[in-house]
Amino acid sequence: RRVLILSIDGFRPDAIQLAPMPFLTTLLIRSAYSLNAQTVYPSVTLVAHTSMLSGQCPAKHKVDWNDYIPENGYAQVTDLFDIVHAAGMQTVMYVGKEKLRQITEPQSTDIFTYINDRDLVITDDLIQNFPADFRLMFVHFPTTDAMGHTYGWLSPEQLSVLFRADQAIEKIYTELETRGLMNETLFIITSDHGGHATTHGSSMYEDMTIPWIAFGAGILPANLNSSITTVDTAATAAFALGLDI
């Protein structure tokens, strides 16, 4: 009945055990997942998130910039939020980067909240103002990417904030459980891109490889060996909600 997509910006799969992320590690046992999923090129935040939430490659959605540039408008495709909102279902976006506003038009999001802060602060605000009627929710954690650019990917500083992101995921999961919503929610945890040194955007394996983890309602646990890309996220969400994409 509901889909929650959570993206940890700049999250490389090999960081899960290094951070460590104990809650996410326990979730893997109950998930259908790949730790070798692929993002799109260029492997940058706005381009990749638009592909994630539209199910289209960059050549089709036409978002070829990676800053908040309002005059550029929005993605030039029908995206996941468009079809969910058109079906009369509540849509929610909680993001840590303002440029993600340009993924979909304002009229397709019933609730859009931009908080320029850490993942746990975003999570606490979400829980305090929890949209209990959501049918599609997208939550974006920005801190891992920021620490990667400052200190390097897989640096102790970046791994420490991934440990905090793991705590934030547990808070959201607990809120869903407390409200009795988890048994009707498909929860997808993924990322827009990885990174190397203090950067990303290339076609390198370290930049292109992302986790894709689905658990909750309707999921049979499995380590998925099939080829998965970020564009599969929107299609999976639409399928779960009984909508065509």
Side-chain angles (χ1 to χ4, degrees), residues 1-9 11-13 16 24 27-41 43 45-61 63 75 77-95 100 103-104 108-110 131 133-141 169 172-173 176 181-194 208-245:
R1 190 170 189 279
R2 308 165 188 268
V3 176
L4 198 163
I5 300 168
L6 189 150
S7 175
I8 303 176
D9 205 309
F11 178 25
R12 275 174 49 168
I16 295 174
L24 187 58
L27 285 180
L28 286 178
I29 301 169
R30 301 156 47 191
S31 301
Y33 70 95
S34 171
L35 300 183
N36 195 40
Q38 298 293 294
T39 190
V40 294
Y41 178 81
S43 51
T45 298
L46 184 55
V47 176
H49 275 116
T50 305
S51 288
M52 178 195 300
L53 297 172
S54 70
Q56 301 285 351
C57 65
K60 291 186 177 180
H61 64 58
V63 173
V77 289
T78 300
D79 60 69
L80 180 60
F81 286 86
D82 294 333
I83 64 169
V84 174
H85 188 268
M89 302 178 185
Q90 187 187 57
T91 58
V92 179
M93 293 183 79
Y94 254 77
V95 302
L100 299 184
I103 294 172
T104 189
S108 292
T109 46
D110 296 301
D133 296 326
F134 84 91
R135 299 294 295 278
L136 172 66
M137 187 191 303
F138 171 67
V139 179
H140 168 253
F141 286 172
I169 292 168
I172 295 173
Y173 178 90
L176 290 168
L181 304 179
M182 195 61 234
N183 63 355
E184 60 182 31
T185 300
L186 169 63
F187 200 145
I188 298 172
I189 297 174
T190 185
S191 183
D192 51 349
H193 57 76
M208 295 291 291
T209 304
I210 56 173
W212 198 91
I213 302 162
F215 61 96
I219 291 295
L220 298 176
N223 185 346
L224 302 172
N225 296 314
S226 56
S227 174
I228 296 174
T229 71
T230 193
V231 297
D232 296 320
T233 308
T236 302
F239 176 81
L241 292 171
L243 301 172
D244 292 328
I245 191 168

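Values below: every heavy atom of this structure, side chains too, minus hydrogens, waters and symmetry copies. Residue numbers run from 1 in the order of the sequence given.
Under the side-chain hydrogen bond (donor to acceptor under 3.5 Å, both in side chains) criterion, Y33 pairs with no residue at all, not counting sequence neighbours. The side-chain hydrogen bond (donor to acceptor under 3.5 Å, both in side chains) search around T209 returns Q38, not counting sequence neighbours. A search for ring pair (Phe, Tyr, Trp, His ring centres under 6.0 Å) contacts involving F215 returns F187, not counting sequence neighbours. For A237, the side-chain contact (heavy atoms from CB on, under 4.5 Å) partners two or more places apart in sequence, or in a different chain, are V3, I5, L80. Taking D133 as the reference, Q90 meet the side-chain contact (heavy atoms from CB on, under 4.5 Å) condition, with sequence neighbours excluded. Evaluation of the ring pair (Phe, Tyr, Trp, His ring centres under 6.0 Å) rule for F134 yields no partner, not counting sequence neighbours. Partners of H140 by ring pair (Phe, Tyr, Trp, His ring centres under 6.0 Å), not counting sequence neighbours, listed by chain and number: H49. Among residues two or more places apart in sequence or in another chain, the side-chain contact (heavy atoms from CB on, under 4.5 Å) test is passed with A222 by L224.
Rounding to the nearest 0.5 Å gives a distance of 10.0 Å between CZ of R1 and CG of L241. In this structure, the separation between CD1 on I16 and CG on L35 is 5.0 Å, given to the nearest 0.5 Å. Separation of atoms CD1 (I172) and CE (M137) is listed at 8.0 Å; rounding is to 0.5 Å. One finds the OH atom of Y173 at 6.0 Å from the CE atom of M182 (value rounded to the nearest 0.5 Å). With rounding to the nearest 0.5 angstrom, the CG atom of N225 is 10.0 Å from the CG atom of N36. Here L46 contributes atom CG and L100 contributes atom CG; the two are 6.5 Å apart, rounded to the nearest 0.5 Å.
For residues 222-245, no pair satisfies ring-ring contact (aromatic ring centres under 6.0 Å, His included), with sequence neighbours left out. Applying the side chain to side chain donor-acceptor pair (under 3.5 Å) rule to pairs touching residues 78-88 yields D79-T104, D82-T104, D82-S108, H85-D110, sequence neighbours excluded. Residue pairs that meet the salt bridge (charged side-chain N to carboxylate O under 4.0 Å, His left out) test with at least one member in residues 181-194, sequence neighbours left out, are R2-E184. Pairs engaging residues 230-240 under the side chain to side chain donor-acceptor pair (under 3.5 Å) rule: W212-T233 [sequence neighbours left out].
Annotation: side chain of F138 is in contact with side chain of F81 (closest heavy-atom distance under 4.5 Å). Residues H61 and V47 are in side-chain contact: their nearest non-hydrogen atoms beyond the backbone lie under 4.5 Å apart. You'll find the side chain of L27 stays beyond 4.5 Å of the side chain of I213, heavy atoms only.
In plain terms, the two heavy atoms of S191 and S7 that are nearest each other are CA-OG, 3.7 Å. For A238 against I83, the heavy-atom pair with the smallest separation is CB-CD1, 4.0 Å. Listed here is the closest heavy atom pair of I228 and S34: CD1-CB, 3.8 Å. Nearest heavy-atom pair across A87 and L243 is CB-CD2, 3.8 Å. The two atoms that bring A234 and S54 nearest to each other are CB-C, 3.8 Å, heavy atoms only. Of all heavy-atom pairs between S43 and T39, the closest is CB-CG2, 3.8 Å.
The closest donor-acceptor contact from the side chain of T190 to the backbone of P211 lies under 3.5 Å. Between the side chain of S51 and the backbone N or O of Q56, at least one donor-acceptor pair lies under 3.5 Å.
Atom CG of D244 sits in a sparse spot, with 12 or fewer heavy atoms from other residues, nucleotides or ligands closer than 6.0 Å.
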